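Data block below; observations after.
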Amino acid sequence: MKILIVDDEQLARERLVGVLNEADPAFQIEQATNGLDCLEKAQQEEFNVILLDIRMPGMDGLETAQHLSLLKPQPAIIFTTAYQDHAIEAFSAKAVDYLLKPIRRERLLESLERASFINRAHLAELNDSLGDASAVRRYFSVNKQGTIELIPVEEVRCLKADQKYVSVIWPGQESLIDESLKSIETEFKGQFLRVHRNALVALAHIERLEKDTSGSLQIKLRDLDEKIDVSRRHVQEVRKAIKSLQLS
Amino acid sequence: MEQKSLRTSSFLPDFCSARIVFVVIMLAELLAILLTLAQVYTSVDRFYTLAIHSLFIQWVSLSCVASLCMARQFLSKLSDIWAATGSYILTLLVSLIVAEMAWWLVIYFPDDMTMPNYSHALYLVRCMSISAIVSALALRYLYVQHQWRRRVELEAEARFQALQSRIRPHFLFNCMNTIASLTRSNPVLAEESVEDLADLFRASLQDIHHLSTLDDEISLCKRYLRIEQHRLGSRLKVEWSLAAKAEKLRIPSLILQPLLENAIYHGIEPLPDGGLITIQSKHEKPYLILKVENPITQTSAAPHEGNHLAQENIRQRLEAFFENKASLSVESGDGNYSVTILLPDDNENTDR
């Protein structure tokens, strides 16, 4: 069995390596020090199980798990955490496996045996039920021919829905992600603004509001030539949001 | 007995309650006896005097209680000072009305035993003076008693909060995990960590009134940071810059340590590369200034609930010990967060 241990604390990783080695010397164990490191390693080689710490700097365990779920085949994920706070209740409610540190050997082996992967919908649900306790994602992720591409949320200028997919647009590039505009709108409230039935724009990147030749409103975004149409239904909200942006 | 928290309730008791009415009757009777005994020279029978005094005083005091009971709704909305003034004026007013009624009653139904041998004005002055003194004493007593009970309640609350906020469960379990790991790889360090943790817990389980010295607090902080250093490794950097000659300053224990815990939890841990915590102490007459500074991520710039709890607890304990001579203030901005504590830097605190 190939296992990846992800934790920002060296001693925490070392202990798990020790425990696992003792339990079964046949385990192949690798370590990663944070979410990004984990994603990189998980793409280079295939792991059966990933032991993922929840509280990590940069990209936390929950977000890492969401990006990992794009991998094929998907690794099984077991979350680890030092403290049983309210987030953990949400985990048990969603039947997501987790271990409390210091992790007991028996409990660990038990989890490894029945470890299963968590699908994305499940994780999104979990994130929703965590409410304010969940951290906002820092990246959108796309599976491009087997590799996971991470798009920093702060770089994204707008998101446009087209039939089944949503395209993420940032300077010079565009990618299709498998998420709905609705869920993104709820998750990034205050960061992205709905301007049209099929478009969200990043508030931070709005340059100006202008009229095209036919007199309908468009938004010009920084470093992006394409202008985004504002539907009549959303005009009022858009004006209000831009006004409050200018004020602050 | 009272449902509301004392902190928000008025210092005036519920005058409508049977208990208070009973207490007032007892006190009124004692006052009647006192006044009777105090009369040095009297031609009338003492028991008759007592009866008249009792009748009159009970009448006044029960009327006062009744009016305070009726005005309770209104008085409870006022601040302590206005409630006190209001109830004082009310008692005086009621006393005046009752005294006046008593005067006219005696005039209309004369009786040579009770017929006063002095003028109406003098009678009113005497009655009102007694009423003014007695109600002032009663109000003062109620106020002091309320303050005392409030203090007891606040202390209990502070104790509870202190227990809750001093050691974060997050820290405890992470520390246990670190020790579990060190037992395998470095038993000597594991042993040291257990000792440090024990010291930390001993300090946190102490009575809240326990005073420590700045020196002790600093060495406790160093132990705490040593534990965290094992866990965070090179991500945690600490710089101390301590002013001389403050080691013996008396302070409540665990004034500094919770600030370091906040600095690590909200400052260092969320940063992938960690950062530097600086702890400074310096003399700046008339204060000794303690300052803890740490970097923060842009996203964690908003104040945290946990931060707030620990700071509030420290603030309360500073107030309990130094009254208003000490303070705690917070500054944040530009990726930095700093907490400053001002302590009175005088000799009084060093040898108490």
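Numbers restart at 1 for each chain; the letters A, B, ... are given by sequence-line order, proteins then strands. Atoms considered below: every heavy atom in the structure, side chains included; atoms not considered: hydrogens, waters and symmetry mates. Because the structure is predicted, anything quoted here is derived from the model rather than measured.
- Counting non-hydrogen atoms of other residues, nucleotides and ligands closer than 6.0 Å to CZ of A/R107 gives a total above 12.
- The number of heavy atoms from other shown groups lying within 6.0 Å of NZ (A/K240) does not exceed 12.
- Counting non-hydrogen atoms of neighbouring residues, nucleotides and ligands closer than 6.0 angstrom, the CE atom of B/M176 reaches no more than 12 such neighbours.
- For CD of A/E45, the number of neighbouring non-hydrogen atoms (other residues, nucleotides, ligands) closer than 6.0 Å is greater than 12.
- Within residues 188-202 of chain B, no residue has a heavy atom under 4.5 Å from a heavy atom of chain A.
- Put simply, the side chain of A/R15 does not reach to within 4.5 Å of the side chain of B/L182, judged on heavy atoms.
- In terms of heavy atoms, B/F173 sits closest to A/A82 at CB-O, 2.9 Å.
- Atoms CG and CG, from A/D53 and B/N177 in turn, are 9.0 Å apart once rounded to the nearest 0.5 Å.
- A/E9 has no carboxylate O lying under 4.0 Å from a charged side-chain N of B/R235, or vice versa, which leaves the two without a salt bridge.
- Atoms NZ and OG, from A/K101 and B/S181 in turn, are 10.5 Å apart once rounded to the nearest 0.5 Å.
- For A/R55, the part sitting under 4.5 Å from any heavy atom of chain B is the side chain, from C-beta outward, and nothing else.
- Neither the backbone nor the side chain of A/N34 comes within contact range of chain B; no heavy atoms are under 4.5 Å apart.
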Side chain to side chain contact (heavy atoms under 4.5 Å, CB included) assessment of A/E22 paired with B/R184 | CA-CA 12 Å; A/E22 273 169 21; B/R184 294 167 170 275; 2.7 Å; yes

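- Here CG of A/L11 is found 10.5 Å from CD1 of B/I179. Values are rounded to the nearest 0.5 Å.
- The distance from atom CD of A/E14 to atom CG of B/N186, rounded to the nearest 0.5 Å, is 10.0 Å.
- A 6.0 Å sphere centred on CD of A/E207 holds more than 12 heavy atoms belonging to other residues, nucleotides or ligands.
- The shortest distance between side-chain heavy atoms of A/P57 and B/E269 does not fall below 4.5 Å.
- Other residues, nucleotides and ligands contribute only 12 or fewer heavy atoms inside 6.0 Å of the CD atom of B/E331.
- For B/D334, the CG atom sits in a loose shell: 12 or fewer heavy atoms of surrounding residues, nucleotides or ligands are nearer than 6.0 Å.
- Within a 6.0 Å sphere centred on CZ of B/R151, heavy atoms belonging to other residues, nucleotides or ligands number 12 at most.
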